[in-house]
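Below: the structure, in structure tokens.
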Amino acid sequence: MSRGSSSPTSWGKTSTRSTVWILSQPFLVEGRDGSRKRRHVPDYLVERTGGRACVIDVKPAALLSDPKIAAALTWSGQLVESIGWDYVVLSEPEPVRLSNLKFLAGYRRAFQFAPVEVEAVRLSVQEPMTFGQACRVGAAQLAEPEYARGIVLHLLWAGRLTTDLSAPLASTAIVEPAW
């Protein structure tokens, strides 16, 4: 059983490109845990590319040390893993990571960007460089250079470029292609 500080898309740690679909509160699990009867509805079911399933429970970090909650999560994890699925318990992300993701979410809508320009900017960032450099390199590919910053931010949201979201997103942040 994996424990982390994340969301169904791992709060920016894991590419959503490996996610085929996500279901919220997908099913009810019932069964015995020793002499106790348990019922539980997981928070998410994720199918990843290749058909691998992952059940995700989200609990506030402050509750994870509660013995009743820990026992319920352990039971749920063992049950899910017994059928060959992955099981992850996630908690709220660090404040800086959450702030970065909320900011990047403003650039999530692909329809706002011309696909040919998105691809031109993506192809111009073929090695690690600062965010500022990526914007300048991308701007050189476009008729409207001010548009490049938005495209770089969209590529970060889409997981086609990566950066360390645990640090504030600044012009000196290193961005690199997602391979």
Practice prompt. Applying ring-ring contact (aromatic ring centres under 6.0 Å, His included), name anything that partners Y107, two or more places apart in sequence or on another chain.
Written response: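 With sequence neighbours excluded, Y107 shows a ring-ring contact (aromatic ring centres under 6.0 Å, His included) to F103, given in chain and number order.
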
Worksheet item: Would you say V116 and L155 are hydrophobically clustered, going by side-chain heavy atoms of ILVMFWY under 4.5 Å?
Response: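 Different clusters.
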
Worksheet entry | Co-membership, hydrophobic cluster, residues I83 and L23, 4.5 Å side-chain |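 Yes; tracing contacts between hydrophobic side chains, which count when under 4.5 Å, links both residues.
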
Distance-minimising heavy-atom pair for [X] and [Y]:
X	Y	result
P26	L45	CG-CB, 3.5 Å
S91	L64	OG-CD1, 3.3 Å
F113	Y147	CA-OH, 3.0 Å
V118	R160	CG1-NH1, 3.9 Å
A148	A139	CB-N, 3.4 Å
V88	L90	CG1-CD2, 3.2 Å

Do [X] and [Y] have side chains that get closer than 4.5 Å, going by heavy atoms?
X	Y	result
F131	V152	yes
I151	L142	yes
V29	W75	yes

Residues that [X] engages under side chain to side chain contact (heavy atoms under 4.5 Å, CB included), provided they are two or more places apart:
X	result
R109	F111, Q112
L104	L153, L156, W157, L165, L169
V41	Q25, L28

Worksheet item: What salt bridge (Lys or Arg N to Asp or Glu O under 4.0 Å) pairs are there with at least one residue in residues 62-79, not counting sequence neighbours?
Response: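 Sorted result for residues 62-79: empty, none.
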
Worksheet entry | Pairs flagged by salt bridge (Lys or Arg N to Asp or Glu O under 4.0 Å) wherever residues 128-149 is involved - sequence neighbours left out |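 Not a single pair qualifies under salt bridge (Lys or Arg N to Asp or Glu O under 4.0 Å).
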
Identify all side-chain donor-acceptor contacts of residues 122-129 below 3.5 Å with residues at least two apart in sequence or on another chain.
{"unit_1": "R122", "atom_1": "NE", "unit_2": "E119", "atom_2": "OE1", "d": "3.0"}
{"unit_1": "R122", "atom_1": "NE", "unit_2": "E119", "atom_2": "OE2", "d": "3.4"}
{"unit_1": "R122", "atom_1": "NH2", "unit_2": "E119", "atom_2": "OE2", "d": "2.4"}
{"unit_1": "S124", "atom_1": "OG", "unit_2": "V121", "atom_2": "O", "d": "2.6"}
{"unit_1": "Q126", "atom_1": "NE2", "unit_2": "R122", "atom_2": "O", "d": "3.3"}
{"unit_1": "Q126", "atom_1": "NE2", "unit_2": "L123", "atom_2": "O", "d": "3.3"}

How would you list, by chain and number, every residue that makes a side-chain hydrogen bond (donor to acceptor under 3.5 Å, both in side chains) with [X], sequence neighbours excluded?
X	answer
S166	D164
R39	E30
T130	Q133

Using atom types as modelled and distance alone, determine if a side-chain donor or acceptor of [X] lies under 3.5 Å from a backbone N or O of [Y].
X	Y	answer
T74	A70	yes
S82	L79	yes
S24	Y44	no

Worksheet entry | With sequence neighbours excluded, residues passing salt bridge (charged side-chain N to carboxylate O under 4.0 Å, His left out) with R108 |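 Counting only residues at least two positions away or on another chain, R108 forms no salt bridge (charged side-chain N to carboxylate O under 4.0 Å, His left out).
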
Identify each donor-acceptor pair in which a side-chain atom of residues 52-62 lies under 3.5 Å from a protein atom, sequence neighbours left out, and give them as a table.
{"unit_1": "R52", "atom_1": "NE", "unit_2": "D86", "atom_2": "OD1", "d": "3.4"}
{"unit_1": "R52", "atom_1": "NE", "unit_2": "D86", "atom_2": "OD2", "d": "3.3"}
{"unit_1": "R52", "atom_1": "NH1", "unit_2": "G84", "atom_2": "O", "d": "3.3"}
{"unit_1": "R52", "atom_1": "NH2", "unit_2": "D86", "atom_2": "OD1", "d": "2.7"}
{"unit_1": "D57", "atom_1": "OD1", "unit_2": "H40", "atom_2": "NE2", "d": "2.9"}
{"unit_1": "D57", "atom_1": "OD1", "unit_2": "D43", "atom_2": "N", "d": "3.3"}
{"unit_1": "D57", "atom_1": "OD2", "unit_2": "H40", "atom_2": "NE2", "d": "2.9"}
{"unit_1": "D57", "atom_1": "OD2", "unit_2": "Y87", "atom_2": "OH", "d": "2.4"}

